[in-house]
There are 4 protein chains.
Amino acid sequence: MQFNSNAPIYQQIADHLCDLIVANVYGDGERIPSVRDFAAVLEVNPNTVARSYAYLLELGIVENQRGIGYFAAREASKIIKAIKRASFYERELPALVKTMKALDISVEELTASLEGAFDETL
Amino acid sequence: MQFNSNAPIYQQIADHLCDLIVANVYGDGERIPSVRDFAAVLEVNPNTVARSYAYLLELGIVENQRGIGYFAAREASKIIKAIKRASFYERELPALVKTMKALDISVEELTASLEGAFDETL
Amino acid sequence: MQFNSNAPIYQQIADHLCDLIVANVYGDGERIPSVRDFAAVLEVNPNTVARSYAYLLELGIVENQRGIGYFAAREASKIIKAIKRASFYERELPALVKTMKALDISVEELTASLEGAFDETL
Amino acid sequence: MQFNSNAPIYQQIADHLCDLIVANVYGDGERIPSVRDFAAVLEVNPNTVARSYAYLLELGIVENQRGIGYFAAREASKIIKAIKRASFYERELPALVKTMKALDISVEELTASLEGAFDETL
DNA sequence: GTGGTCTAGACCACC
DNA sequence: GTGGTCTAGACCACA
């Protein structure tokens, strides 16, 4: 894993873990790597991974069993998608509309570009 | 003006000024407010406005006449649109495609949502 | 049994066992389950149950007969109540008073709430 | 300030700051000490204070102005009281009822004890 | 100056 | 072994 983005590493790790859960690498309710193990894999300080886990704990995406470890929540992938969906429709979509208006891009124009880009990344 | 976003204030100011230029409040080649005046209006530290202007200077959107003040570049609005367009197609659109795939949102679904949102903000 | 609370599991187990003794499920002087059996029932690590028993041993609530097992003390339920009473009047009550003052809750207000809650849990 | 309790220091600091806000030492909307300053006063690592502030930020009790500092939220004391009240009625009160039943303490008995304790701490 | 993040290393309670 | 907390010290972007 690479940390190119400007976003804080702990968030990138959290996002990455969400991807892994949605991709069923760690299924709902399954144990996820220990803080220390994951830190070793990612070549990152354990505190940073701990911060990611604490963040996901707040969101209800992971859970915690004392002295045992962290687990994906029972409905983790559902929660993740719900959160992403909400953020998409409430934040990204309005921003998209604003940009399109500023640039005089019509819905049709965007649709065309999207269809092209959609196929490329198949 | 409000600074609700997480983006740095100097960028929010720069964006805002670009909007004003595109909206012809300050036409291409016209003088824009002095750093101090603008800072007073925005209730912001003058250093912050100075940083915004420096940023726009790099992009060629504003120009500087020693001892006189800052001016919108001759083709400012054209440059602004070009920059936004590039960033849109190279950065935002791929990100959009990625998000849509992660959330199983089809182009049709997005188009529908967009048309609704487009009309609301008329 | 569920371990929802933030308290350490070994304490929750100890509390639970005290409840069982007071409720006469295990009478004063009677044998209580072996560490292994209880651990199996609670789906918990045997070390954790052992720690609970050690804790209750210190308090004089359970006793240990070498090679045979653990027993509730002869006056176990009396001891339990005495301990709870002491902790109630010395720790919980002062904390309650402090909270009530901070929240401007009068004795009358609390009494009313209590009577409602008391009946619900009959 | 002393840190005798078993609770994490960052929470004790957060609680303490809430007390100060409710007591109007830092009024609603006013600036609170910088992370470094407060850490120096409390003789604690700045990271620990930062953690307290981050915690209060989540709860909406304090706010944040980039590069300037932390401020008590506009309705900070109101929010604090609401949170305490909710936790009191949803968590402490049921626990109190449970303890009272276990110890055969009647509402009348508690009321009497409370009134005594109330006056002492005037 | 401010806060935000990260690293390193330590100690603790718990299972 | 696990996570939780704290310290120390560093670097960064921002105002």
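All values below come from the heavy atoms of this structure, side chains included, with hydrogens, waters and symmetry mates left out. Per chain, numbering begins at 1; letters A, B, ... match sequence-line order.
- Taking a pair as Watson-Crick or G-U wobble with both distances under 3.5 Å, the runs of three or more consecutive pairs in DNA chain F are E:1-14 with F:1-14.
- Put simply, CZ on Phe3(B) is 13 Å from C1' on dC14(F), counting in whole angstrom units.
- Within a 6.0 Å radius of CG in Asn24(B), more than 12 heavy atoms belonging to other residues, nucleotides or ligands are found.
- If you measure from atom OH of Tyr70(D) to atom P of dA15(F), you get 15 Å, rounded to the nearest angstrom.
- The main-chain N or O of Ile9(C) is never found under 3.5 Å from a side-chain atom of Arg51(C) such that the two would form a donor-acceptor pair.
- The number of heavy atoms from other shown groups lying within 6.0 Å of CD (Glu43(B)) does not exceed 12.
- At the heavy-atom level, Asn47(A) lies under 4.0 Å from base atoms of the strands shown.
- Following rounding to the nearest Å, Leu42(D) (CG) and dT7(F) (C1') show an atom-to-atom distance of 15 Å.
- Distance Phe71(D) CZ to dT2(E) P: 12 Å, rounded to the nearest Å.
- Under the 3.5 Å distance criterion, the side-chain polar atoms of Gln12(B) are matched with a main-chain donor or acceptor of Ala7(B).
- The separation between Asn6(B) atom CG and dT5(E) atom P is 11 Å, rounded to whole Å.
- Remark: of the listed residues Tyr70(B), Tyr10(B), Phe71(B), Tyr70(B) is the sole one forming a ring-ring contact (aromatic ring centres under 6.0 Å, His included) with Tyr53(B).
- Residue Glu63(A) contributes atom CD, which lies 15 Å from atom C1' of dG3(F) at whole-angstrom precision.
- Closest approach of Ala73(C) to Gly60(C), counting heavy atoms only: CB-O, 3.4 Å.
- Phosphate contact (OP1/OP2 of dT5(E), side-chain N/O of Asn45(A), threshold under 4.0 Å): absent.
- Mapping Pro46(D) and Asn64(A) onto DNA chain F by nearest heavy atom places Asn64(A) closer to the 5' end of the strand.
- For the OP1/OP2 pair of dT5(E) and a distance below 4.0 Å, the side-chain nitrogens and oxygens of Thr48(A) include no atom meeting the criterion.
- Within 4.0 Å (heavy atoms only), Val44(A) reaches sugar-phosphate atoms of the nucleic acid but no base atom.
- Residues Glu43(A) and Gln65(A) both approach DNA chain E. Their nearest nucleotides, taken by heavy-atom distance, put Glu43(A) toward the 5′ side.
- Heavy-atom nearest nucleotides on DNA chain E were determined for Ile9(C) and for Asp37(D), and the one closer to the 5' end corresponds to Asp37(D).
- Atom CZ of Arg31(A) is separated from atom C1' of dC15(E) by 11 Å (rounded to the nearest Å).
- With dG3(F), dG3(E), dA15(F) as the choices, the nucleotide that has an atom nearest any side-chain atom of Val35(A) turns out to be dG3(F).
- The phosphate of dA15(F) has OP1 or OP2 within less than 4.0 Å of a side-chain N or O from Arg66(D).
- Not a single donor-acceptor pair, N or O on each side, falls under 3.5 Å between the base of dG1(F) and the side chain of Arg36(A).
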Counting only pairs under 3.5 Å, give me each side-chain donor-acceptor contact of residues 80-98 of chain B, with atom names and distances, residues two or more places apart or in other chains.
{"residue": "Lys84(B)", "atom": "NZ", "partner": "Asp19(B)", "partner atom": "OD1", "Å": "3.4"}
{"residue": "Arg85(B)", "atom": "NH1", "partner": "Leu103(A)", "partner atom": "O", "Å": "3.2"}

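- Listed pair Arg51(B) / dA15(F) fails the phosphate criterion, with no side-chain N or O lying under 4.0 Å from OP1 or OP2.
- Side-chain N/O atoms of Tyr55(A) include none lying less than 4.0 angstrom from OP1 or OP2 on dT5(E).
- Heavy atoms of Tyr10(D) sit under 4.0 angstrom from primed sugar atoms or phosphate atoms, though from no base atom.
- Taking atom CZ of Phe38(A) as the reference point, atom P of dT2(F) lies 14 Å away to the nearest angstrom.
- Crowding of Arg36(B) atom CZ: a count of heavy atoms from other residues, nucleotides or ligands under 6.0 Å not exceeding 12.
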